Amino acid sequence: MIGAAVAGAASTGTARAATPPLFEHGVASGDPLPDGVLLWTRVVTSSAIRWEVAADEDFHRIVRRGVTRTSAARDHTVKVEVHGLRDNTRYWYRFRVGDVVSPVGRTKTAGCGSELNFGVASCANWPAGHFAGYGFLARQDLDAVIHLGDYIYENLDGTVRPHDPAHRCVTLDDYRRRHAQYKTDRHVQALHAAHPMIATWDDHESADNSSSIGSPQHDPATEGPWGARLAAATQAYHEWMPVREGKLDRTFRFGELATLSMLDLRSYRTDTTILGAAQRDWLINTLTTDSARWQLVGNSVMISPITFPPLPGFPATNTDQWDGFPADRELVLRSLGDRKNTVFLTGDIHSSWASDVPLNGASVATEYVVTSLTSANFDDLMKVPPRTASLQIEAGIQALNPHVRFVELDSHGVSTLRVTADEVRFDWHYVADKVNPDSAVARAHSFRTRHNTAQTERVPL
């Protein structure tokens, strides 16, 4: 039913038609709790919007229903908080305006049996390619999808398909249009209709390398005050994403098996801190006191220290990552003490990594980095064939950084994460051709962390 509901969705377009069809941006759910979930859609109407949640996909057993409204003040987006549901349970949901019914979405409340399965994604640049990796995740049996940032791109970078608007996003209308365009993609709609999403943002939801105080890509002389642009980006993100409005640093608990702490590494960042004092204290308290067997951290930029070999046009250290904030990193890692069950899940850098996170010569956690869905990686930037020049660079990275157990700089795709009592397993699934909207997707690499080891190890395919 999910596939049929989204099969007719257009893969391009905007939300600015004179008389847009109802529910043209699909449906979504997110931020699952043990007793509830958030539901999302967009519909341009002044009429009442009815919603239903059922225990079966045919809606014979409706368990929750209600009525809501929307307006231009929130760009006609709709969010519904549903409570009173059973934990670790699948549900189906839909919206209705008059006789028009939305696509059907499927969601799941938080909880856990013997294992958890997540999709992991980052860095989906519309003009750089198509989102076949999202379609692959939509077809998997998952508890949720963890999105680690750069869900949209504010700039213009790529030629595969045009961005809307056809200029860099600065105003609230710009960001709303950009989000609206992404929500028309058939793979985006299929992903959201299939699984709840747990998302945080990175920089491109506002501006490249952004922080609370500015961005090197923002020019106040021509683009106005940074605060106004950041407020516009923030408002559009909260309107268009299936997240609870407020703050993006938050905790999700999946029974006794795992706790997932999602970080916001942009809103509180200054020249001296990546976390801000309040978020740092919250994170340290969660990592050191929570009783779940695994501590997962949704982390938009790499926490592992990395020294890069000499490359023309590339610095030896990326200070946009935690490498630019060593004091925050040391405080967080030192707080772990003897606990070795923390796993950082990271995006941003458009490549695949598995690392033992070091502190004073010992590994205190592990980190897995999902590659970009479409955004340019090493071979794209250097304009060389994949798996050629990158091989020497990968060897140089591992020679300079012995804690890096795996790095692959060229491929695009998504990842899956399986959590059991004994191990956390992270698989990379690469698209054969990011320009092809129907590209094949195949598992390429697999690593795991055994419980209480803080070590990554390769799993044979």
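The model shown is predicted, which means the values in this text are computed figures rather than measured ones. Below, each value reflects all heavy atoms present in this structure, side chains not excepted, and no hydrogens, waters or symmetry copies.
Of the N and O atoms on the side chains of Asp264 and Trp201, at least one donor lies less than 3.5 Å from an acceptor on the other residue. Between Ser390 and Asp410, the side chains place a donor N or O and an acceptor N or O closer than 3.5 Å (distance only, hydrogens not considered). Side-chain contact, Asp290 with Gln295: a donor N or O sits under 3.5 Å from an acceptor N or O. A donor and an acceptor atom, one from each side chain of Asp249 and Tyr268, are located under 3.5 Å apart. Of the N and O atoms on the side chains of His204 and Asn125, not one donor lies less than 3.5 Å from an acceptor on the other residue. In summary, the side chains of Tyr93 and Arg64 do not present any donor paired with an acceptor at a separation below 3.5 Å, with no hydrogens or angles considered. The closest side-chain donor-acceptor pair between Asn377 and His412 falls under 3.5 angstrom. With no hydrogens or angles considered, no side-chain donor-acceptor pair links His25 and Tyr182 at under 3.5 Å.
Arg106 places a side-chain N or O within 3.5 Å of a backbone atom of Ala194 that can act as its donor or acceptor partner. Without hydrogens or angle criteria, Arg329 side chain to Ile303 main chain gives a donor-acceptor distance under 3.5 Å.
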>> The test is ring-ring contact (aromatic ring centres under 6.0 Å, His included); show your working for Trp126 and Tyr151 and say whether it passes.
In response: CA-CA 10 Å; Trp126 178 282; Tyr151 180 96; over 10 Å; no
>> Show, in sequence, the C-alpha distance, side-chain angles and deciding distance for Phe406 and Phe426, and conclude whether the ring-ring contact (aromatic ring centres under 6.0 Å, His included) test is met.
In response: CA-CA 12 Å; Phe406 163 68; Phe426 197 87; 9.8 Å; no
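Considering every non-hydrogen atom in both Ile213 and Trp226, the closest pair reads C-CD1, 3.6 Å.
Using cut-offs of 30° and 60° for the angle between ring planes, the Trp322 and Phe344 rings count as perpendicular.
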